[in-house]
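Here the structure comes first, spelled out in structure tokens, and everything after it is commentary.
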Amino acid sequence: MKDNTGNPLHLTSLNHISLVCKSVEESIDFYVNVLGFVPVRRPGSFDFNGAWLFSYGIGIHLLQSEDPEHMNKKDEINPKDNHISFQCESMGAVEKKLKDMGIHYVRQRVEEGGVYVDQLFFHDPDGFMIEICNCDNLPVIPLAGEMVRSCSRVNLQMIQQQKIPVVRP
């Protein structure tokens, strides 16, 4: 199986994440107005309520819960829980915007070899955790064989090697 170690399934990118929602409309509002996603067309053959959103090279598929009244919502923000992370240009601007919007968040700082990464964690309307960070400060160091890169440079190089056009929001 040595020939399968690099990319055994021949994957090219992360396409989307799916989230089950108590209210698709409330979640659309959050992902559009807080995180800047754009609603996109969803197949008309689907016979269930949902929405597709896209930005930053990733899709978010919202699915209406079949039993919204019994959905458990996480209230405690735990950075070690499941989450999706977004890189930002200015942590200060993000923190100010979250405060202005009245969104409760937890701030955390990670240090590795004198490099600092700031993180802000908060929940979407259903309790799914979102992280905003300046994680690009922290180099991606492969365990063997390749040079050090930042997260963005690794992604950019992979896109360039595959000759996939870069889509910018």
Side-chain angles (χ1 to χ4, degrees), residues 7 11-40 51-63 65 68 70-159 166-169:
N7 187 355
L11 303 178
T12 58
S13 67
L14 177 63
N15 182 271
H16 71 273
I17 61 168
S18 289
L19 301 171
V20 176
C21 309
K22 194 174 229 180
S23 165
V24 169
E25 291 73 25
E26 189 177 342
S27 292
I28 290 170
D29 182 63
F30 174 86
Y31 283 95
V32 168
N33 294 314
V34 175
L35 296 178
F37 277 78
V38 176
V40 296
W52 285 10
L53 309 169
F54 186 82
S55 196
Y56 318 110
I58 184 173
I60 293 182
H61 295 183
L62 303 174
L63 307 170
S65 171
H70 291 98
M71 280 186 63
N72 291 331
K73 180 178 175 180
K74 293 183 179 180
D75 292 320
E76 179 186 347
I77 298 174
N78 177 0
K80 293 186 237 171
D81 203 348
N82 295 327
H83 63 275
I84 186 169
S85 179
F86 296 94
Q87 174 74 25
C88 74
E89 293 178 9
S90 168
M91 291 299 291
V94 170
E95 191 165 12
K96 181 183 181 323
K97 190 70 170 175
L98 291 175
K99 283 181 184 176
D100 292 348
M101 295 174 140
I103 295 175
H104 174 68
Y105 63 90
V106 169
R107 188 183 220 316
Q108 186 168 296
R109 177 172 257 197
V110 176
E111 185 271 333
E112 176 67 27
V115 176
Y116 293 91
V117 172
D118 293 306
Q119 302 165 299
L120 299 172
F121 294 90
F122 54 97
H123 286 139
D124 79 356
D126 296 295
F128 183 74
M129 194 160 46
I130 309 294
E131 173 190 1
I132 309 291
C133 69
N134 58 357
C135 298
D136 213 27
N137 292 347
L138 195 62
V140 174
I141 305 172
L143 295 178
E146 295 198 27
M147 59 187 262
V148 175
R149 297 183 177 94
S150 70
C151 292
S152 295
R153 292 199 51 111
V154 168
N155 292 336
L156 180 60
Q157 184 176 20
M158 286 174 53
I159 288 169
V166 177
V167 179
R168 299 185 194 271

Going from CE on M91 to CG on L98, what distance comes out if it is rounded to the nearest 0.5 angstrom? 9.0 Å
Side chain to side chain contact (heavy atoms under 4.5 Å, CB included) with L120: which of V94, V106, I130, I103? V94
Return yes when atom CD of Q108 has more than 12 non-hydrogen atoms of other residues, nucleotides or ligands closer than 6.0 Å, and no otherwise. yes
First locate atom SG of C133, then atom CZ of F121, and finally report the distance between them rounded to the nearest 0.5 Å. 8.0 Å
Over all heavy atoms of both residues, which pair between I58 and F37 is shortest? Give the atoms and the distance, please. O-CE2, 3.5 Å
State, yes or no, whether a side-chain contact exists between L62 and L53 at a heavy-atom distance under 4.5 Å. yes
Under the criterion side chain to side chain contact (heavy atoms under 4.5 Å, CB included), which of N33, V32, V34 is the partner of F30? V34
Can you list the steps and then say if Y31 with L19 is a side chain to side chain contact (heavy atoms under 4.5 Å, CB included)? CA-CA 11 Å; Y31 283 95; L19 301 171; 3.2 Å; yes
Closest heavy-atom pair, P125 versus E26, reported as atoms and distance to 0.1 Å, is CB-OE2, 3.5 Å
If you round to the nearest 0.5 Å, how far is NE2 of H104 from NZ of K99? 12.5 Å
Around atom CD of E89, are there more than 12 heavy atoms from other residues, nucleotides or ligands closer than 6.0 Å? no
Using 30° and 60° as the class limits, which term best fits the ring planes of H16 and W52: parallel, tilted or perpendicular? parallel
Apply side chain to side chain contact (heavy atoms under 4.5 Å, CB included) to I132 and L35, showing your working. CA-CA 10 Å; I132 309 291; L35 296 178; 4.2 Å; yes
If we count only N and O atoms by modelled type, under 3.5 Å, do the side chains of D124 and S27 hold a donor and an acceptor together? no
Working to the nearest 0.5 angstrom, can you tell me the gap between C21 SG and M71 CE? 6.5 Å
Could you tell me whether the side chain of N137 and the main chain of V117 form a donor-acceptor pair under 3.5 Å? no
Side chains of I17 and F128 in contact at under 4.5 Å (non-hydrogen atoms): yes
Derivation of the side-chain hydrogen bond (donor to acceptor under 3.5 Å, both in side chains) call for Q87 and Y56: CA-CA 10 Å; Q87 174 74 25; Y56 318 110; over 6 Å; no
If I take atom CG from residue D118 and atom CD from residue E111, how far apart are they, to the nearest 0.5 angstrom? 12.0 Å
Heavy atoms only: give me the nearest K22-D126 pair and the separation to one decimal. N-OD1, 2.8 Å
For the residue pair H123 and K74, establish whether any side-chain heavy-atom pair is separated by less than 4.5 Å. yes
Separation of E131 CD from I77 CD1 (nearest 0.5 Å): 12.0 Å
